[in-house]
There are 2 protein chains.
Amino acid sequence: MRIGELAERAGTTTRTLRYYETLGLLPARRAGNGYRAYDEDDLRLLRQIQTLRDFGFGLEETRPFVECLRAGHPAGDSCPASLAVYRRKLAELDECIAHLNGVRQQVGAQLAEAERAMAALEATATAPGGPGPRCELGPHDPHDGDEATGRRAG
Amino acid sequence: MRIGELAERAGTTTRTLRYYETLGLLPARRAGNGYRAYDEDDLRLLRQIQTLRDFGFGLEETRPFVECLRAGHPAGDSCPASLAVYRRKLAELDECIAHLNGVRQQVGAQLAEAERAMAALEATATAPGGPGPRCELGPHDPHDGDEATGRRAG
DNA sequence: GTAGACCTTGACGCCGACGTCAATGCCAGG
DNA sequence: CCTGGCATTGACGTCGGCGTCAAGGTCTAC
C-alpha cells in the first residue's frame, strides 16, 4: 500500500510517516515510480510505535521495540533492550509521579494558606451579602510539570 | 543594582532577566547610560517567579502573582487571579498524576508480562547504564488536547 | 590610552514531533 | 488534453525558556 493508505489505516498523517522514515524508524520500500510501498508488517510496526507513544515514550525509545519486531520476534517487547526501556521508563515514571505529588502538596498548602488570608481580609473589608466569587478562568492547554533541564545555578 | 548583580543574587542569568523583560514580566527602569536599574522589590518579584517556576508553572502563569505583588499586596497570592491559577494548577496536577499512574500501571503490567515470556525462553540480560533520569512525561499531547486532528482514529 | 569588565540590542540555536507550505512528478478518468 | 488526486523532496514554522554568539557602547583602573 502507499503512504496515504497506511496513514489512514493507522490514524496518522503522511507527514508523520515520512518523519519516522527520516529517523530510520519505519523505512519504506519504493515502487517503480518512487512512491513509498508499505505492507501489513509495516502497519504492525507503526502500531507498536503508536502504542508506546501513547504511553509517553519518546520516538527513540520505541526503536528497540520496532527493531525487535523487525528481527522476527512475536512482540516488540520480546527483546532485552525493550525490557531495559520498560524498566527505565518505570523508574522515570516513579520519579516523576513522586515529584508531582510533592509539588501538588506544596501548591495545595500554598492555596489553603492564601485562601485563609484572603478570607480574613474579605471578612474585614466587605459587608455581608456581597457579590459572588470571581471567575477569571480561561481556556488553557495542559502542560506537564517538569524540570531537570539545567537551570538556576543553585 | 544592575542586571549582573540581580542575576547573581537571584541565582539566574542576565539572559533570563532580559527575557522576562521582553515578556513584560520584570520591566526595568533605566539609568542615564541606558543600563537596566533594579531595586530590592524587583528581586522580590523575581524570587516569586522563580518559586512558581520551580513548581512547574509556566512563566505566563506567574504573571498574576507578579502583578499582585506590584500592586502592593503583601504576597503574590493575595489576589483572586493568583488563587485561580493555583486551583487550575492543582486540577492540572491531579489530572497529570492520575494519567501517569495509569500509564505506570500499564507499563508495569507490560513489563511483567514480557519478563514472564522471556523467562520462559532464555535468561540473559544486559547491564543498564543511563545518563540520568529526566522527568519529561506529559499528561497527554501538549500541542492539542484531543484527537480530533486525526491521530489514532481507533 | 588602553585593557577589560560590565552593559546594550539583535539574531540564531536547541529540543521533539511533527504542521504547513511550495514546487513539482505520476497516473487515471472524462 | 486537462483536471484533479495522489505522490515526491525541501525547507521553514510551532511551542517554552532560555543559551550563545556578535558587534558594539560605557565605565573603571592602571
Side-chain angles (χ1 to χ4, degrees), chain A residues 1-38 46 49-50 52-63 139-154, chain B residues 1-38 46 49-50 52-63 131 134-138 140-145 147-152:
Chain A
M1 82 192 90
R2 291 179 302 179
I3 194 170
E5 189 182 344
L6 178 61
E8 195 175 358
R9 287 181 62 182
T12 184
T13 68
T14 60
R15 176 66 181 93
T16 296
L17 299 181
R18 292 196 190 98
Y19 178 56
Y20 289 176
E21 185 171 4
T22 69
L23 298 180
L25 256 187
L26 195 64
R29 287 150 296 283
R30 296 302 179 120
N33 54 13
Y35 287 12
R36 288 171 179 81
Y38 301 92
L46 179 52
I49 296 172
Q50 291 179 321
L52 295 175
R53 256 206 53 73
D54 286 350
F55 281 157
F57 285 51
L59 287 176
E60 283 309 321
E61 293 177 318
T62 72
R63 196 180 294 274
H140 69 285
D141 304 36
H143 302 70
D144 60 327
D146 85 273
E147 51 206 57
T149 49
R151 35 174 307 280
R152 291 206 65 192
Chain B
M1 86 194 87
R2 292 179 303 180
I3 194 170
E5 187 181 344
L6 177 60
E8 195 175 356
R9 286 182 64 182
T12 184
T13 68
T14 61
R15 177 66 181 91
T16 295
L17 299 183
R18 291 196 191 99
Y19 179 56
Y20 289 175
E21 185 171 1
T22 69
L23 298 181
L25 210 50
L26 194 65
R29 286 151 298 282
R30 296 302 179 119
N33 53 14
Y35 288 11
R36 288 171 179 82
Y38 301 92
L46 180 51
I49 296 172
Q50 289 179 322
L52 294 175
R53 257 208 54 73
D54 285 351
F55 281 157
F57 285 50
L59 288 175
E60 283 308 321
E61 293 177 318
T62 71
R63 195 180 295 274
R134 296 170 315 162
C135 187
E136 295 211 346
L137 298 163
H140 30 241
D141 293 348
H143 54 280
D144 96 358
E147 60 270 24
T149 53
R151 46 183 318 275
R152 295 308 316 263

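By convention in this document, chain letters (A, B, ...) are assigned in the order of the sequence lines, proteins followed by strands, and residues within each chain are numbered from 1.
Nearest-nucleotide positions on DNA chain C place B:Glu21 closer to the 5' end than the other of A:Gly58 and B:Glu21. Between B:Asn33 and A:Tyr35, the residue anchored nearer the 5' end of DNA chain D, judged by the nucleotide with its closest heavy atom, is A:Tyr35.
In this structure, B:Arg2 atom CZ and D:dC27 atom P are separated by 10 Å, rounded to whole Å. Taking atom CG on B:Leu17 and atom P on D:dG19, their separation rounds to 10 Å, with Å as the unit. What separates CZ of A:Arg15 from P of D:dG10 is a distance of 12 Å, to the nearest Å. Atom OH of B:Tyr19 is separated from atom P of C:dT9 by 16 Å (rounded to the nearest Å). The separation between A:Arg18 atom CZ and D:dA11 atom P is 15 Å, rounded to whole Å. When the C1' atom of C:dC18 is taken as reference, atom CZ of A:Arg53 falls 9 Å away, rounded to whole Å. A:Glu60 has its CD atom 11 Å from the C1' atom of C:dG16, to the nearest Å. Distance A:Arg29 CZ to D:dT8 P: 14 Å, rounded to the nearest Å.
Electrostatic pairing of A:Arg63 and A:Glu60 counts as a salt bridge here, judged by a charged N lying under 4.0 Å from a carboxylate O. Look at A:Arg15 and A:Glu21 and you find no salt bridge, because none of the NZ, NE, NH1 or NH2 atoms lies under 4.0 Å from a carboxylate O.
Here D:dA7 is the nucleotide among D:dA7, C:dC18, C:dT8 with the atom lying nearest to any side-chain atom of A:Thr14. Comparing C:dT9, D:dC18, C:dG19 by their nearest atom to the side chain of B:Tyr20 picks out D:dC18. Which of C:dT20, D:dG17, D:dA7 sits closest to the side chain of A:Ile3 comes down to D:dA7. Residue A:Arg36 places its side chain closer to D:dT9 than to any other of C:dG19, C:dT9, D:dT9. Residue B:Arg30 places its side chain closer to C:dT8 than to any other of C:dT8, C:dG19, C:dA17.
Between A:Thr13 and C:dC18 there is no side-chain polar atom (N or O) within less than 4.0 angstrom of OP1 or OP2. Look at B:Thr16 and you'll find a side-chain N or O under 4.0 angstrom from OP1 or OP2 of D:dG19.
Listed here is the closest heavy atom pair of B:Thr16 and B:Thr13: OG1-OG1, 2.9 Å. Shortest non-hydrogen contact noted between B:Leu17 and B:Ala7 is CD1-N, 3.7 Å.
Of the possible polar contacts, one joining the A:Glu61 side chain to the A:Gly58 backbone as a donor-acceptor pair under 3.5 Å is found.
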